[in-house]
There are 2 protein chains.
Amino acid sequence: MEYNFRCTCPITSALDVVGDRWILVIVKLMLLEGRYTFNTMKESDEGIATNILTAKLKLMEGYELIRKEKLPNNKKTNIYSLTDRGLSLTPLIIELTLWSDAHLKDVHDTLKIGNEVELINHDREGVIAAIKSQYLAKMKDILNPDT
Amino acid sequence: MEYNFRCTCPITSALDVVGDRWILVIVKLMLLEGRYTFNTMKESDEGIATNILTAKLKLMEGYELIRKEKLPNNKKTNIYSLTDRGLSLTPLIIELTLWSDAHLKDVHDTLKIGNEVELINHDREGVIAAIKSQYLAKMKDILNPDT
DNA sequence: CACTTTAGTTGCATATTGCAACTAAAATTT
DNA sequence: AAATTTTAGTTGCAATATGCAACTAAAGTG
């Protein structure tokens, strides 16, 4: 994978990896909406085009943010799952949620915010840990139905 | 300002505003590197082209992430400063720093990380508050030299 | 009054994103 | 087992964003 960093700054370098229009959206689809196949991702509200989805999934696999595998009994469906590296973007997702709640409600009238913000403000670390462990448990169940 | 949101998701909507290659980099230049004029920003390590810088500053002003003003005694130099909305992106910047430290050191050998990560891990909220208050004090000093 | 600084603009090339239609293999239905 | 549907893409083309390099105009400086 050809990383291409603009400079030595850690912040800019992180943005060289995840600073685009789609990667963090895809992380959200996987982490918070439980989507783990190509088709369920393409059917999301965001309406991502299939060529873009293909390209971004390939890129994210190269960056080791996600993994692509198949179940033993199905040669067709690809299961995409977040790696630890991808999962560790959870705090970023959390901060985007908080920023939206604080700053976009007035300019975006159909913005859909539930009670996540209160939960996060009450126990940020707990929410992050819960999201991660629920994700891992779910994917383990999908990839290792027994055990 | 014509916001254009893909859907009702708060995370995706936040990315509709700041999810590009430059906006958060510019926030960093202002917040952490003390740059507040066009020329000092263009001279940063990131090497941003002047047409892009012009376009992004205009966009950020439209989004009310930054403000553009002049000092009374200088009709030439524009002073760009972060609004509260822009300043509240600080936690996002912090998380990008942490993610870089945890995940890019091995693939980016010239990545420059100091002791920020320890400070953040020791007192995240304190670091965020300190960055914000130092920024506000500095800009106040520049825009209101007396008082 | 010449020179430099500041903040851009302009023209053009390349890269990224987006749309719509199409495809091939695997799985499912009849 | 043949036809249909599902899954995961690919392909061609248009539009938008990013990048490079040279240029400019107004303001400030020596």
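Computed from a predicted structure; not experimentally measured. The sequence lines fix the lettering, A, B, ..., with proteins before strands; numbering per chain opens at 1.
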Inset, instruction - Summarise protein proximity over nucleotides 8-20 of chain C in one line of letters, 5' to 3': B for base, S for sugar-phosphate only, - for none, counting protein heavy atoms closer than 4.0 Å. - result: BBBB-----SBB-
Legend entry - Listed once per pair and sorted, the ring-ring contact (aromatic ring centres under 6.0 Å, His included) pairs that draw on residues 72-102 of chain B, sequence neighbours left out: B:Trp99-B:His103
Inset, instruction - Would you mind reading off the distance between A:Leu15 atom CG and D:dA17 atom P, rounded to a whole angstrom? - result: 18 Å
Inset, instruction - State, without any angle test, whether B:Thr83 and B:Arg67 hold a side-chain donor-acceptor pair at a distance under 3.5 Å. - result: no
Inset, instruction - Could you check B:Asn51 against B:Leu53 for side-chain contact (heavy atoms from CB on, under 4.5 Å), going step by step and ending with a plain yes or no? - result: CA-CA 5 Å; B:Asn51 55 339; B:Leu53 183 53; over 6 Å; no
Inset, instruction - Please list, chain by chain and in numerical order, all residues satisfying side-chain hydrogen bond (donor to acceptor under 3.5 Å, both in side chains) with A:Glu43, sequence neighbours excluded. - result: none
Legend entry - Pair B:Arg35-B:Met41, side-chain contact (heavy atoms from CB on, under 4.5 Å): steps then yes or no: CA-CA 6 Å; B:Arg35 303 180 195 257; B:Met41 291 187 209; 4.1 Å; yes
Inset, instruction - Spell out protein contact along nucleotides 24-30 of chain D as letters: B when the base is contacted, S when just the sugar-phosphate is, - when no protein heavy atom is under 4.0 Å; keep the 5' to 3' order. - result: --BBS--
Inset, instruction - Quickly work out the B:Leu71 CG to C:dT6 P distance and round it to whole Å. - result: 13 Å
Legend entry - Pair listing, ring-ring contact (aromatic ring centres under 6.0 Å, His included) test, anchored in residues 107-139 of chain A, at least two apart: A:His108-B:Phe5
Inset, instruction - Let me know the distance between CG of A:Asn4 and P of D:dT18, rounded to the nearest Å. - result: 16 Å
Inset, instruction - Rounded to the nearest angstrom, tell me the gap between atom CE in B:Met41 and atom P in C:dA7. - result: 9 Å
Please tabulate, one pair per line, all N/O donor-acceptor pairs under 3.5 Å involving side-chain atoms of residues 21-29 of chain A, not counting sequence neighbours.
{"residue": "A:Lys28", "atom": "NZ", "partner": "A:Glu33", "partner atom": "OE2", "Å": "2.9"}
{"residue": "A:Lys28", "atom": "NZ", "partner": "A:Glu46", "partner atom": "OE2", "Å": "2.6"}

Inset, instruction - Classify the side-chain pair B:Thr97/B:Ser100 by whether it contains a donor and acceptor separated by less than 3.5 Å. - result: no
Legend entry - Separation of atom NZ in A:Lys70 from atom C1' in C:dA25, rounded to whole Å: 10 Å
